[in-house]
J.: 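Take this structure first; my questions come after.
It should be emphasised that the depicted structure is a prediction, and the values quoted were computed from it without experimental measurement. In the text below, chain A, chain B and the rest are named by the order of the sequence lines, each starting its count at 1.
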There are 2 protein chains.
Amino acid sequence: MGSNAETRRSGCPISCSLDLLGDKWSLLIVRDMVMLRKHYFKEFLASAEGIATNILTDRLNRLEGSGIISKQPDPENRRQIVYTLTEKGVALIPVLVELMSWGKIYAGTTSVDRDKARRMQQDRRYKQRVIRELTEGCTSTPGRS
Amino acid sequence: MGSNAETRRSGCPISCSLDLLGDKWSLLIVRDMVMLRKHYFKEFLASAEGIATNILTDRLNRLEGSGIISKQPDPENRRQIVYTLTEKGVALIPVLVELMSWGKIYAGTTSVDRDKARRMQQDRRYKQRVIRELTEGCTSTPGRS
DNA sequence: CTCCACCACTTGCAAAAAGCAAGTGGTGGG
DNA sequence: CCCACCACTTGCTTTTTGCAAGTGGTGGAG
């Protein structure tokens, strides 16, 4: 299940991105790493959306295979594996932020978030600050739970 | 196949967005409308990625069901249907632009595009101009064959 | 050392979705 | 009336997802 035979449907960069990320789980894992600072299998498993273990394994392998994340044995606890974002993965933060912004306004439930999101859409500097903060948080060392 | 029983996996706005758009085709249809100015079933069908007719029908119905696109009979030719983006759909342009930018740098093939994309990542004004131009092109009337 | 909890997976199977090719009803021009 | 064309349907096979149970490897407690 976890093998890697990615075939590109076309040369279009959007299509290429979707070939790697176009499903319901891959970007959620990246979200977990970026927004919730998760680094461990069991942490992803505990997320609200309820991913199954076999799907999680598969997605982690694919994301590693396409160079978005890297997996290493945890130096502090050799029983577990640390998943971290690569530069390629960190570069997905703007995508995540736009998806979040859109979702808050157009796919969400609460109106509080909506207003905050609308503000972010108009105030580009604010958005840039959010992206920068998230990026810095990801390029620094984990710092653990 | 085209019914609408979207269940939300969680309240997270990113998750909500992916509930609506998290597959390999939905955003490609939006791309066709935004970037390639396509408005007709047969046009989407002719895209390089090669979507099947039943999948296309399903995605168009879902996108309509979630208010991202609207379908109307073509006033100029009653044999065909015009698909247009709603405000909610137009608001996806930034997501598309980020996906394109990321794809060009990290998932693409050519290095020419890569350089242009890197420039866009550094020059925020340029990116904003791209987004504005695309948005304007979408909110104006089709003007087609 | 043994035992045991815990970790990241596997495996097996059923259900859902995608993909393919062929067919269908409605429309308008010739 | 006929025919080409449009946006779909339908039937079928293949692939992916989802769920539950199981597995091998590790390290700490006793």
J.: Is it true that E98(B) and K127(B) make a salt bridge, defined as a side-chain N closer than 4.0 Å to a carboxylate O?
T.: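 A salt bridge links E98(B) with K127(B).
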J.: Do T84(B) and K71(B) pair up side chain to side chain, a donor and an acceptor below 3.5 Å, judged on atom types alone?
T.: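 There is no such pair (donor and acceptor under 3.5 Å, judged by atom type) between the side chains of T84(B) and K71(B).
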J.: Taking only the side-chain heavy atoms of Y40(A) (C-beta and beyond), determine which of dA18(C), dA8(C), dA7(D) contains the nearest atom.
T.: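 Between dA18(C), dA8(C), dA7(D), the one nearest the side chain of Y40(A) would be dA8(C).
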J.: Can you check the L56(A) CG to dC7(C) C1' distance for me, whole Å?
T.: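 Computing the L56(A):CG to dC7(C):C1' distance gives 13 Å.
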J.: How long is the line joining CH2 of W25(A) and C1' of dA16(C), in whole Å?
T.: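 Going from W25(A) (CH2) to dA16(C) (C1'), I get 15 Å.
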J.: What string of B, S and - do you get for nucleotides 20-30 of chain C 5' to 3' if you count protein non-hydrogen atoms under 4.0 Å?
T.: B-B----BS--
J.: Under a 4.0 Å threshold between the charged nitrogen and the carboxylate oxygen, would K24(A) count as salt-bridged to D19(B)?
T.: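 Here D19(B) does not pair with K24(A) in a salt bridge, since their nearest N and O are not under 4.0 Å apart.
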J.: Please report the distance, rounded to the nearest Å, between CG in L63(B) and P in dA7(D).
T.: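 The answer, rounded to whole Å, is 16 Å.
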J.: May I have the distance from D23(A) (atom CG) to dT16(D) (atom P), rounded to whole angstrom?
T.: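 Spelled out: CG on D23(A) to P on dT16(D) is 12 Å.
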J.: Would one find more than 12 heavy atoms of other residues, nucleotides or ligands at under 6.0 Å from atom CD of Q128(A)?
T.: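 Yes.
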J.: Report the distance from atom CD1 of I55(A) to atom P of dT10(C), rounded to the nearest whole Å.
T.: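 Value for this atom pair: 13 Å.
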J.: Once side-chain contact (heavy atoms from CB on, under 4.5 Å) is applied, do any residues pair with D23(B), and if so which ones, sequence neighbours excluded?
T.: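 With sequence neighbours excluded, D23(B) shows a side-chain contact (heavy atoms from CB on, under 4.5 Å) to W25(B), S26(B), R59(B), given in chain and number order.
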J.: Send over the distance from D58(A) CG to dT10(C) P, rounded to a whole Å.
T.: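 Atom CG in D58(A) sits about 10 Å away from atom P in dT10(C).
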J.: From CG of L60(A) over to P of dC7(C), roughly how many Å is that when rounded to an integer?
T.: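 That distance rounds to 16 Å.
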J.: Quick one: side-chain contact (heavy atoms from CB on, under 4.5 Å) partners of K42(A), sequence neighbours excluded?
T.: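 Y40(A), Q80(A).
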J.: Between Q80(A) (CD) and dA5(C) (P), how many Å, whole number?
T.: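 Checked: the CD to P distance equals 18 Å.
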